[in-house]
Amino acid sequence: MRVHHLNCGSMRPLGGSLLVGGSLLVGGGAPHGSATMVCHTLLVETANALVLRHIVLTHLDLDHAGALADFPHAEVHVAAAEYAAATTPRTLSERRRCRAGSDR
């Protein structure tokens with residue numbers, strides 16, 4: 001098995017300077033500045049196939065899972081506790097952080 005690292009897009013979000021080294025968090029940068037961020041994707045090469053359409057998420061916030069509808073045939077993997085929090089939110093904060101969607 002081989003793993004290939006792909007840059008599938010670069011973004012420059014406003015406020016991104018708060019997330020990177022040399023930023024406001026460590027004493028430099030402007031709070032409304034931008035920073036380059038990469039949409040990092042892994043392509044797994046097995047003996048029989050290339051695996052690209054599985055999506056593994058650390059959490060279901062909109063900035064990570066907001067475009068899942070663009071991949072209708074993908075198999076989505078997420079921790080059971082995160083899935084439960086997204087599909088049965090108990091607090092206002094949990095209700096605001098995820099977009100309602102179909103149960104997959």
Side-chain angles (χ1 to χ4, degrees):
M1 177 184 343
R2 294 177 60 192
V3 178
H4 304 272
H5 298 265
L6 307 175
N7 175 353
C8 290
S10 297
M11 301 161 276
R12 295 185 56 86
L14 284 177
S17 64
L18 296 172
L19 305 173
V20 296
S23 72
L24 182 64
L25 294 178
V26 290
H32 300 295
S34 64
T36 301
M37 301 172 74
V38 174
C39 178
H40 187 77
T41 302
L42 300 178
L43 171 66
V44 179
E45 182 179 351
T46 69
N48 301 319
L50 298 175
V51 180
L52 183 61
R53 289 298 184 197
H54 285 257
I55 299 173
V56 180
L57 296 168
T58 56
H59 57 282
L60 292 169
D61 287 6
L62 284 175
D63 63 331
H64 288 245
L68 285 177
D70 293 341
F71 303 94
H73 303 293
E75 188 168 334
V76 179
H77 306 270
V78 67
E82 179 65 14
Y83 181 79
T87 57
T88 56
R90 295 171 295 175
T91 66
L92 179 59
S93 176
E94 286 179 352
R95 285 192 292 276
R96 286 185 171 168
R97 62 182 276 265
C98 298
R99 174 183 296 161
S102 62
D103 188 21
R104 300 169 39 131

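Remember, predicted model here, so these are calculated numbers, not experimental data.
Think of L92 as one node in a network of Ile, Leu, Val, Met, Phe, Trp and Tyr side chains linked at under 4.5 Å; it has no links at all. Applying the under-4.5 Å side-chain rule to Ile, Leu, Val, Met, Phe, Trp and Tyr, the cluster around L6 extends to L43, L50, L52.
Counting only distance, with no hydrogens or angles, the side chain of E75 and the backbone of I55 share no donor-acceptor pair below 3.5 Å.
Residues passing the side-chain contact (heavy atoms from CB on, under 4.5 Å) test with D70 are A67, sequence neighbours excluded. Residues satisfying the salt bridge (Lys or Arg N to Asp or Glu O under 4.0 Å) test with R90, not counting sequence neighbours, are E94. H54 meets the ring-ring contact (aromatic ring centres under 6.0 Å, His included) test with H77; sequence neighbours excluded.
In this structure, E82 and L60 approach most closely via the heavy-atom pair OE2-N, 2.8 Å. The shortest heavy-atom contact between L42 and H5 is CD2-ND1, 3.2 Å.
With values rounded to the nearest 0.5 angstrom, L68 atom CG is found 5.5 Å from L57 atom CG.
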- Query: Can H4 and E45 be said to form a side-chain contact (heavy atoms from CB on, under 4.5 Å), step by step?
  - Reply: CA-CA 8 Å; H4 304 272; E45 182 179 351; 2.7 Å; yes
